[in-house]
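Just so we're on the same page: letters track the sequence lines, and every chain starts at 1.
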Amino acid sequence: MDKYREKAAAIARIGDGATIMVGGFGSPGTPFGLLAELERQGQRDLTIIKNDANEAGIGVSRLIEAGQVRRLITSHIGLNKRVVALMNSGELAVDFHPQGILAEKIRCAGAGCLAFLSDIGLHSEITDPGDVIEWRGRPAKVEAALTADFALLHAERADSVGNLCYRATARNFSPLMAMAADCVIVEAAGQVPAGSIDPDQVHTPGAFVDAVTDADLSDPAYGLMEGRYAP
Amino acid sequence: MDKYREKAAAIARIGDGATIMVGGFGSPGTPFGLLAELERQGQRDLTIIKNDANEAGIGVSRLIEAGQVRRLITSHIGLNKRVVALMNSGELAVDFHPQGILAEKIRCAGAGCLAFLSDIGLHSEITDPGDVIEWRGRPAKVEAALTADFALLHAERADSVGNLCYRATARNFSPLMAMAADCVIVEAAGQVPAGSIDPDQVHTPGAFVDAVTDADLSDPAYGLMEGRYAP
Amino acid sequence: MPPEHLLRRAAREILPGQIVNLGIGLPTQLMAYLAPDADVLIHSENGVLGCGPQATAAEADPRLIDAGGAYIRTRTGASFFDSAVSFAIVRRGRLDLSVMGAFEVDALGNLANWKIPGRFSPGIGGAMELAQKTPRVLVLCTHNDKAGRSKVRRRCTLPLTAERCVSRIITDKAVLDVTAEGLVLREIAAGLTVEALRRDTEAELLIDREPEEF
Amino acid sequence: MPPEHLLRRAAREILPGQIVNLGIGLPTQLMAYLAPDADVLIHSENGVLGCGPQATAAEADPRLIDAGGAYIRTRTGASFFDSAVSFAIVRRGRLDLSVMGAFEVDALGNLANWKIPGRFSPGIGGAMELAQKTPRVLVLCTHNDKAGRSKVRRRCTLPLTAERCVSRIITDKAVLDVTAEGLVLREIAAGLTVEALRRDTEAELLIDREPEEF
């Protein structure tokens with residue numbers, strides 16, 4: 001059960017018009033190497049599902065700036081003025097969800113369920129009255145499961161079976177996206193032999209993973225960003 | 001933030017009529033020590049939520065046999081003829097759910113959601129037509145979140161902040177019940193200082209845990225059961 | 001035919017690279033027929049991917065059982081997870097194959113294996129989700145019950161576990177595929193005639209080529 | 001009053017044993033005002049419980065940020081988890097306190113802090129869930145915006161983050177409690193008169209006892 005693949009071949013499975021979940025909250029967990037390959041191959045009309053739009057010039061922002069993305073399903077893009085401008089000019093469609101609801105919609109698909117009922121933002125402008133039902137005598141918002149053709153994820157370690165471990169805040173949406181997407185492509189900083197991850201410490205079981213590729217951490221996108229640390 | 005408590009005092013918070021989630025799939029993960037204290041204190045009219053009824057003479061079965069339990073919400077009780085007999089005689093009310101749906105109903109409450117939509121068993125006799133709605137042109141079953149006043153859990157390790165690690169198949173429902181119950185009481189085989197569990201390896205963050213007690217593994221219920229291993 | 005023969009035949013259904021759930025009873029016994037280095041991961045719904053064979057008393061860990069309650073070993077590459085993740089694997093369709101027992105299975109691929117009203121109703125466990133959501137469901141059972149009644153039926157009479165979920169049925173007497181036309185006989189137990197098999201089978205059996213022996 | 005004063009006052013709201021989320025902006029700066037051994041766990045919605053102060057370049061780990069993007073250290077007893085668990089903590093009500101910024105906050109405890117139609121709409125992030133589900137929401141903001149307009153209002157005019165969610169408001173000029181009767185003035189900035197405060201505040205202010213200075 002060897003899931004190691006060449007990066008270019010793994011990304012070549014993605015066609016124009018695909019819906020792609022991308023791990024990462026800000027930079028940590030963003031699969032910069034997989035995204036760079038997607039930029040190089042040039043697939044278009046993509047729908048991207050990611051917590052944020054990264055920052056201008058890196059990660060999914062590069063795909064958006066290159067015109068490869070038609071729609072972004074996200075939670076918050078406040079750290080990316082270029083993407084905000086593309087949204088405001090109508091060049092990029094953006095759907096916003098509350099952050100934890102976005103996470104839960106992804107997980108809901110991952111759990112093989114259709115939707116969930118929530119009271120978050122029920123009476124706010126984010127709720128389309130058409131999504132409100134009465135349930136047990138009170139209103140509830142139906143939040144549809146959010147699935148995708150692909151998930152692109154960054155892991156700290158992966159074994160040949162596809163078991164994944166994430167590190168620190170690079171975990172974020174990745175375990176949920178691994179569950180939700182039809183085809184899950186992972187870049188791992190460390191590829192380790194099957195059996196070297198304690199079964200109790202696996203964050204994503206290999207059943208959810210289709211391909212594991214190498215991550216080249218020499219890309220500066222994986223390093224520290226200036227101005228974000230204490231003086 | 002010291003969550004270590006005496007077992008008797010922790011269990012004394014439970015009153016008659018309480019709804020209690022109990023971790024464990026079969027024996028692994030069953031908090032035998034907390035259940036023994038509950039049996040000793042004698043609370044009555046309890047509703048128990050557990051995957052199974054343990055086996056006759058141990059775990060939740062002892063509470064049921066002692067008449068402390070009014071209702072059992074479960075998935076499968078096939079390994080416990082005494083509890084099946086009490087169900088068949090009408091002395092114990094039993095609600096059955098498909099195992100993964102039971103897990104998901106518990107997690108749904110833990111995620112602060114109201115219910116989820118599923119197609120499992122939609123056309124089978126387990127589905128009450130009153131729970132079926134039409135959603136996006138097709139029928140879906142509304143599965144209500146399942147909450148509880150208390151959860152009683154067994155962990156392999158716990159620190160003073162309430163961070164938990166489980167071992168092997170003793171994990172099962174416990175992380176979900178920790179999320180779902182109003183008050184979460186844990187027995188831990190190993191109590192370790194805060195800081196000694198790698199933050200990446202915490203299975204249940206301390207935010208979900210109210211009390212940590214000692215587990216006395218000398219109780220034979222924690223040991224091997226005869227006839228379950230290979231000759 | 002001894003159950004060994006049935007199990008050995010069924011074990012051939014498990015292909016390299018697959019993720020497989022083995023139900024309680026006969027299916028679990030398939031574990032003993034897999035090569036120790038077989039490239040498969042066995043899922044157990046209580047939270048293991050990568051189950052190994054049953055453990056001896058010396059090897060057994062009281063915290064490590066399969067869904068049937070037997071102490072097990074694990075295989076290289078194993079992982080543990082909670083019950084929600086375990087059934088996410090099932091409902092999201094990440095299993096390749098589920099092998100399940102049956103009280104009844106019918107020509108439409110309907111499966112009944114959880115309840116006999118008035119006699120046996122211990123709860124559904126994980127069977128409904130496994131049967132409904134696994135892409136390929138293999139039923140493994142004796143062809144006839146102790147009273148000689150055919151478990152392979154035109155239509156199930158017991159409450160269903162899931163509708164139209166079964167791909168293949170392997171009994172001690174036959175290997176049958178569920179097709180749009182009905183049950184097609186693929187293989188027959190050595191020494192059994194098609195006429196004898198038909199007498200023992202309530203469902204109609206279709207034959208599109210000479211069945212092989214097994 | 002310098003923001004240090006405001007932050008020092010606000011830091012006193014965080015009590016031993018609490019689990020607290022600090023919003024981006026002013027609230028995050030509270031971290032610097034907590035004692036290094038304070039018995040609190042700071043939650044960040046990107047998946048940390050037990051955030052420590054901002055890390056220096058030498059300490060910083062590129063995989064460890066807070067929800068605002070700053071590199072952080074962790075405190076003893078920290079844990080990491082995924083975004084679904086992170087918001088389960090929020091929506092299940094396991095936070096004791098959320099400290100949030102505001103564009104507007106009103107006498108009913110309504111909060112608007114995510115959108116200015118036509119000018120600023122970067123998405124809701126985690127604010128809606130934090131505001132709606134945390135048992136105690138503390139708003140921390142300047143009393144007036146750069147144009148001198150009061151952020152403390154009879155009724156919010158901007159799209160709401162959540163209704164009736166705020167318990168207490170701490171600005172550079174006052175500490176106000178949201179009560180069933182309206183906003184009650186508890187403390188006033190040193191050197192400011194009640195009359196001057198009322199001129200700077202669009203909402204009505206109730207006074208049930210002499211406000212303390214802070």
Side-chain angles (χ1 to χ4, degrees), chain A residues 25-29 51-53 55 74-81 83-84 87-88 94 96-104 106-108 110 118-126 154 156 166-176 203 217 221-231, chain D residues 24 31-32 44-48 51 53-74 78 80-91 112 114-115 117-133 158-163:
Chain A
F25 187 120
S27 285
N51 174 64
D52 52 80
E55 294 173 52
T74 188
S75 164
H76 196 278
I77 58 173
L79 290 178
N80 193 326
K81 288 203 171 74
V83 169
V84 168
M87 171 179 73
N88 290 338
V94 181
F96 288 114
H97 297 284
Q99 194 168 96
I101 296 298
L102 179 64
E104 201 67 20
I106 294 167
R107 189 198 167 277
C108 186
S118 160
D119 63 355
I120 296 297
L122 188 59
H123 306 292
S124 78
E125 67 164 53
I126 68 162
H154 177 90
E156 188 69 13
Y166 311 97
R167 183 153 68 84
T169 60
R171 191 181 323 182
N172 58 73
F173 284 72
S174 297
L176 318 170
H203 291 138
L217 298 189
Y222 294 106
L224 292 177
M225 301 180 76
E226 282 189 35
R228 302 297 174 78
Y229 32 81
Chain D
I24 296 173
M31 185 69 82
S44 189
E45 55 268 39
N46 58 327
V48 196
C51 297
Q54 200 170 4
T56 64
E59 295 164 335
D61 173 348
R63 304 286 169 272
L64 177 51
I65 63 173
D66 66 15
Y71 299 110
I72 58 169
R73 296 189 282 161
T74 54
F80 300 129
F81 33 78
D82 68 44
S83 296
V85 170
S86 188
F87 279 90
I89 291 174
V90 175
R91 289 193 307 267
W114 74 285
K115 183 173 182 178
R119 272 180 48 208
F120 179 82
S121 56
I124 187 82
M128 194 170 272
E129 290 152 281
L130 287 162
Q132 189 174 332
K133 292 297 185 181
L158 295 170
L160 295 185
T161 307
E163 294 176 6

Please state whether the side chain, the backbone, both or neither of [X] comes within less than 4.5 Å of a heavy atom of chain D.
{"X": "I77(A)", "answer": "both"}
{"X": "Y229(A)", "answer": "both"}
{"X": "Y222(A)", "answer": "both"}
{"X": "H123(A)", "answer": "both"}

task = May I have the step-by-step check of side-chain contact (heavy atoms from CB on, under 4.5 Å) for L122(A) and Q132(D), ending in yes or no?
result = CA-CA 10 Å; L122(A) 188 59; Q132(D) 189 174 332; 5.7 Å; no

query = Is the shortest side-chain N to carboxylate O distance from K133(D) to D119(A) below 4.0 Å?
reply =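 Salt bridge between K133(D) and D119(A), a charged N being under 4.0 Å from a carboxylate O: yes.
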
message = Whether D61(D) and R167(A) form a salt bridge (side-chain N of Lys/Arg under 4.0 Å from carboxylate O of Asp/Glu) is what I want to check.
response =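 So R167(A) pairs with D61(D) through a salt bridge.
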
request  = Please indicate whether E226(A) has more than 12 foreign heavy atoms, meaning atoms of other residues, nucleotides or ligands, lying under 6.0 Å from its CD.
outcome  =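 Open.
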
Top residue by heavy-atom pair count (under 4.5 Å) with chain A, among [options]?
{"options": "P122(D), A131(D), G126(D), G123(D)", "result": "P122(D)"}
{"options": "S86(D), G47(D), A67(D), A127(D)", "result": "A67(D)"}
{"options": "G68(D), A84(D), A70(D)", "result": "A84(D)"}
{"options": "I124(D), L64(D), I24(D), D82(D)", "result": "D82(D)"}

Is it true that a side-chain atom of [X] and a backbone atom of [Y] form a donor plus acceptor pair closer than 3.5 Å?
{"X": "E129(D)", "Y": "I120(A)", "answer": "no"}
{"X": "T169(A)", "Y": "I65(D)", "answer": "yes"}
{"X": "Y71(D)", "Y": "M225(A)", "answer": "yes"}
{"X": "Q54(D)", "Y": "R228(A)", "answer": "yes"}

key: Minimum-distance pair of heavy atoms, taken over all atoms of P28(A) and P62(D)   =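 Closest approach of P28(A) to P62(D), heavy atoms only: CG-O, 3.5 Å.
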
ask   = L224(A) and A60(D): which non-hydrogen atoms are nearest, and at how many Å?
value =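 In this case the closest contact between L224(A) and A60(D) is CD2-CB, 3.6 Å.
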
task = Start with the C-alpha gap between S121(D) and M87(A), add the side-chain angles, then the distance that decides, and say whether side-chain contact (heavy atoms from CB on, under 4.5 Å) holds.
result = CA-CA 10 Å; S121(D) 56; M87(A) 171 179 73; 4.2 Å; yes

query = Among V84(A), I101(A), V94(A), I106(A), which residue forms the greatest number of heavy-atom pairs with chain D at distances under 4.5 Å?
reply =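 Greatest number of close heavy-atom pairs with chain D: I101(A).
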
ask   = When only pairs under 4.5 Å are counted, which of G121(A), P175(A), A170(A) shares the most heavy-atom pairs with chain D?
value =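 Between G121(A), P175(A), A170(A), the count favours G121(A).
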
